[in-house]
Amino acid sequence: MDVCGVVLAAGAGSRLGLGPKALLRFRDTSLVEHVVGALRAGGCDRVVVVLGAAADRVRLGTELGDAQVVVNADWASGLASSFRAGVAAAQEAGPVPVLIALVDQPGVSGELVAHLLAEHRAGTVTAARFGPDARPGHPMVFDAGVAAEASARATGDEGARRYLRAHPEVLRPVDCTGLGAAEDVDVPGDLHRLRS
């Protein structure tokens with residue numbers, strides 16, 4: 001399955017207070033380089049990185065290889081604008097499934113991405129779930145048509161949430177226990193997640 005991975009990395013990291021989270025250090029690299037590497041290792045044919053806040057600083061401070069960098073000038077309006085920009089770039093040459101990953105999730109691994117891609121089914125949104133009682137979340141694999149429709153409906157800081165509320169039948173949670181973690185790095189109390 002041809003699939004494009006999209007890393008949403010446009011935020012300023014204001015709640016954390018350390019600048020863009022893309023530049024946080026994790027396992028001897030930056031967080032954005034780690035997530036891009038996981039998407040590549042897991043089987044994404046192409047990777048798009050959506051930058052916004054301090055985009056030039058992130059570009060100069062990282063090595064993203066052949067990943068396509070898209071700068072979202074409207075990043076301050078919320079996650080939805082980055083979601084739309086990422087899906088548009090992923091599908092500019094034609095409709096393909098899109099895997100959406102968040103830059104502030106250090107628990108994303110190549111094994112996790114490969115599992116999600118293997119479990120993905122046409123017409124669905126395949127979402128990682130870490131344990132039977134956990135809520136499904138990112139990373140998520142969107143079928144091509146679903147990605148386009150969900151991104152078109154995205155507003156504010158919601159991403160695909162509005163679309164998934166209207167179409168719960170397309171959401172397909174997949175157990176990813178042992179393959180990674182859902183926890184993100186949002187506030188200073190989360191920084192311990194970068195030391196694992």
Side-chain angles (χ1 to χ4, degrees), residues 1-10 21-22 26-27 29-52 55 58-59 62-72 75 79-130 136-152 154 159-160 163-164 170-176 178-182 184:
M1 174 178 67
D2 289 339
V3 62
C4 182
V6 173
V7 183
L8 302 184
K21 289 186 272 188
F26 179 65
R27 296 182 181 166
T29 190
S30 69
L31 207 43
V32 69
E33 289 168 286
H34 165 75
V35 177
V36 167
L39 269 54
R40 280 285 193 207
C44 291
D45 302 285
R46 293 190 300 123
V47 176
V48 171
V49 179
V50 182
L51 300 180
V58 175
R59 275 199 230 207
T62 59
E63 177 48 64
L64 299 176
D66 62 354
Q68 179 184 351
V69 174
V70 173
V71 177
N72 173 19
W75 64 269
L79 182 72
S81 61
S82 291
F83 180 39
R84 286 193 300 272
V87 171
Q91 297 190 339
E92 64 188 358
V96 293
V98 179
L99 183 145
I100 300 289
L102 306 179
V103 77
D104 63 357
Q105 288 184 302
V108 173
S109 67
E111 294 83 5
L112 167 59
V113 170
H115 182 63
L116 286 172
L117 295 183
E119 292 293 323
H120 182 63
R121 301 292 177 266
T124 70
V125 176
T126 304
R129 178 164 62 189
F130 300 91
H138 294 90
M140 292 183 173
V141 185
F142 290 76
D143 199 42
V146 175
E149 192 173 346
S151 66
Y163 177 84
L164 292 174
V170 305
L171 185 62
R172 186 168 181 269
V174 169
D175 185 26
C176 296
L179 298 174
D184 56 12

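Here, residue 1 is the first one in the sequence, and each next residue gets the next number. Computed from a predicted structure; not experimentally measured.
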Kindly indicate whether the side chain of L117, heavy atoms from C-beta on, has any atom under 4.5 Å from the side chain of V141.
-> yes

Main-chain N/O of E63 paired with E33 side-chain donor or acceptor, under 3.5 Å | yes

Under 3.5 Å, is there a donor-acceptor pair between the side chain of R172 and the main chain of E119?
-> yes

Return yes if some donor-acceptor pair links the side-chain N/O of H34 with the main-chain N/O of P106 below 3.5 Å, else return no.
-> yes

Are the side chains of L51 and N72 in touch, meaning some heavy atoms are under 4.5 Å apart?
-> no

L79 versus L8, closest heavy-atom pair with distance = CD1-CD1, 3.5 Å

Find out whether D184 and L102 are in side-chain contact, i.e. whether some heavy atom of one side chain is under 4.5 Å from a heavy atom of the other.
-> no

Quick one: CG on D45 to CG on D2, what's the gap to the nearest 0.5 Å?
-> 4.5 Å

pair V6-V87: side-chain heavy atoms closer than 4.5 Å | no

When rounded to the nearest 0.5 angstrom, what distance separates CG in L64 from OG in S30?
-> 7.0 Å

If we only count heavy atoms from C-beta on, is the D66 to R40 side-chain gap below 4.5 Å?
-> yes

Can you check whether W75 reaches V50 side chain to side chain, under 4.5 Å on heavy atoms?
-> no

Considering only heavy atoms from C-beta outward, does the side chain of V170 approach that of L164 to under 4.5 Å?
-> yes

Identify the two heavy atoms, one from V98 and one from A90, that lie closest to each other, and give their separation to 0.1 Å.
-> CG2-CB, 3.9 Å

For residues 84-98, the side chain to side chain donor-acceptor pair (under 3.5 Å) pairs (sequence neighbours left out) are Q68-E92

Can you name the nearest heavy-atom pair linking P139 to L99, along with the distance?
-> CB-CD2, 4.0 Å

Mind jotting down which residue pairs meet the side chain to side chain donor-acceptor pair (under 3.5 Å) criterion with at least one end in residues 137-149? Sequence neighbours excluded, please.
-> E149-R153

Considering all heavy atoms of both residues, which atom of A67 and which atom of V49 are nearest to each other, and what is their separation?
-> CB-CG2, 4.1 Å

Go through the structure and list residues passing side-chain hydrogen bond (donor to acceptor under 3.5 Å, both in side chains) with D104, not counting sequence neighbours.
-> K21

Which atoms form the tightest heavy-atom contact between G123 and V146, and what is the distance?
-> O-CG2, 4.0 Å

Indicate the atoms forming the closest heavy-atom contact of P136 with L171, along with that distance.
-> CG-CD2, 3.9 Å

Aromatic plane relationship, F142 with F83 - under 30° parallel, 30 to 60° tilted, over 60° perpendicular = tilted

Rounding to 0.5 Å, atoms CG (L112) and CD (Q105) come to a distance of 8.5 Å

